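Okay, so here's the structure we're looking at.
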There are 2 protein chains.
Amino acid sequence: MRRDVFQAIADPTRREILSMIANQSLNLNAVAEKFEISRPAISKHIKILSECGLIVIKQKGRERYCEAKLQKLNEVSAWVEQYKVFWTKKLDALESFLAKETASANKRKPIKTSKK
Amino acid sequence: MRRDVFQAIADPTRREILSMIANQSLNLNAVAEKFEISRPAISKHIKILSECGLIVIKQKGRERYCEAKLQKLNEVSAWVEQYKVFWTKKLDALESFLAKETASANKRKPIKTSKK
DNA sequence: TATATTTGTAACCGATCAGTTACACAATTT
DNA sequence: AAATTGTGTAACTGATCGGTTACAAATATA
């Protein structure tokens with residue numbers, strides 16, 4: 001069974017769970033209440049999230065509070081950031097192309113370049 | 001059938017395909033050659049990637065070149081960046097705690113803070 | 001024209017996924 | 001002590017996933 005962060009965040013319900021508990025820990029029932037699906041289904045999602053380290057469970061009496069541990073998202077961040085240059089590079093190229101095109105037409109007002 | 005960027009990048013083979021063609025377009029066979037799995041399997045992965053807009057296929061004669069269109073990764077980037085504050089905040093808090101703790105002990109050399 | 005090459009796709013397979021219902025069990029409340 | 005609450009888990013289901021083999025079709029080459 002593959003259990004990594006990329007797989008964990010692939011499911012929209014799990015992403016929603018993360019957004020719910022990012023700011024405040026919630027117990028399992030509190031999480032489940034906000035979804036249409038059953039409590040055991042949520043329980044399974046929580047299990048997956050905790051197995052890959054995105055949340056930790058703090059037992060308090062009979063309740064189990066889900067606390068977000070978003071550090072693991074760093075793995076996703078690092079992966080996606082390595083490619084950012086590819087799409088921003090293209091946008092920069094488009095930007096400079098448009099700037100040049102506009103300059104040669106030299107009647108319209110120049111495009112505001114965002115950086116440098 | 002759910003077909004979004006999060007689901008597309010959940011599979012390690014698809015992430016590897018993206019890394020292969022990020023810099024250079026490759027035809028399907030060239031991609032398939034570098035993997036253990038069969039050509040039809042790669043063909044399916046390519047289809048998924050193109051269906052969610054991460055690559056485009058340029059037909060040249062009988063060959064089909066896969067060109068990465070990584071702009072769509074922006075969606076993932078935006079999602080993960082919104083949470084960056086949560087884990088960097090905690091790290092900063094830990095950092096300042098350690099700095100303070102070290103200062104009060106004031107014999108060990110201070111921790112090098114990365115920014116500001 | 002016959003043959004190679006590059007590819008898509010259909011049909012199938014076993015594993016996993018995301019959900020369900022039903023039940024068990026421990027902690028809390030009455 | 002009895003009832004309620006919060007949760008885990010087993011057993012099941014249908015859908016999807018990631019792979020395969022086998023075949024078809026279009027382009028390129030001999």
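Every chain is numbered from 1 and lettered A, B, ... according to where its sequence line falls, protein lines coming before strand lines. These numbers come from a predicted model, not from an experiment.
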Length of the line joining Lys44(B):NZ and dT7(C):C1', which is rounded to integer Å: 15 Å
- request: Using Watson-Crick or G-U wobble geometry with both distances below 3.5 Å, tell me the partner of dT21(D), or none.
  value: dA10(C)
task: Could you state the atom-to-atom distance from CG of Leu28(B) to P of dT7(C) in whole Å?
output: 5 Å
- request: For His45(A) and dC17(C), give me the distance from atom NE2 to atom C1', rounded to whole Å.
  value: 9 Å
query: Whole-Å distance between dA28(D) P and Glu63(B) CD?
result: 9 Å
query: Between the side chains of Glu67(B) and Tyr65(B), is a donor N or O closer than 3.5 angstrom to an acceptor N or O?
result: no
- prompt: Can any side-chain N or O of Glu81(A) pair as donor or acceptor with the backbone N or O of Ala78(A) at less than 3.5 Å?
  reply: no
field: Donor-acceptor pair present, Arg62(B) side chain and dT5(C) base, under 3.5 Å
entry: yes
Interatomic distance where NZ belongs to Lys47(A) and P belongs to dA10(D) [whole Å]: 7 Å
- line: Taking a pair to mean Watson-Crick or G-U wobble geometry with both distances below 3.5 Å, dA22(C) pairs with dT9(D)
query: With sugar-phosphate meaning primed atoms plus P, OP1 and OP2, does Gln59(A) contact a base, only sugar-phosphate, or nothing at under 4.0 Å between heavy atoms?
result: nothing
- prompt: Does Arg14(B) reach the main-chain N or O of Ile9(B) with its side chain, forming a donor-acceptor pair under 3.5 Å?
  reply: no
Interatomic distance where CD1 belongs to Ile57(A) and P belongs to dG6(D) [whole Å]: 16 Å
- request: May I ask you to say what Glu33(A) touches in the nucleic acid, namely base, sugar-phosphate or nothing, with a heavy-atom cut-off under 4.0 Å?
  value: nothing
- prompt: Checking Ser77(B) side chain against Leu73(B) main chain: does a donor-acceptor pair fall under 3.5 Å?
  reply: no
Between dA28(D) (P) and Asn27(B) (CG): distance, integer Å: 13 Å
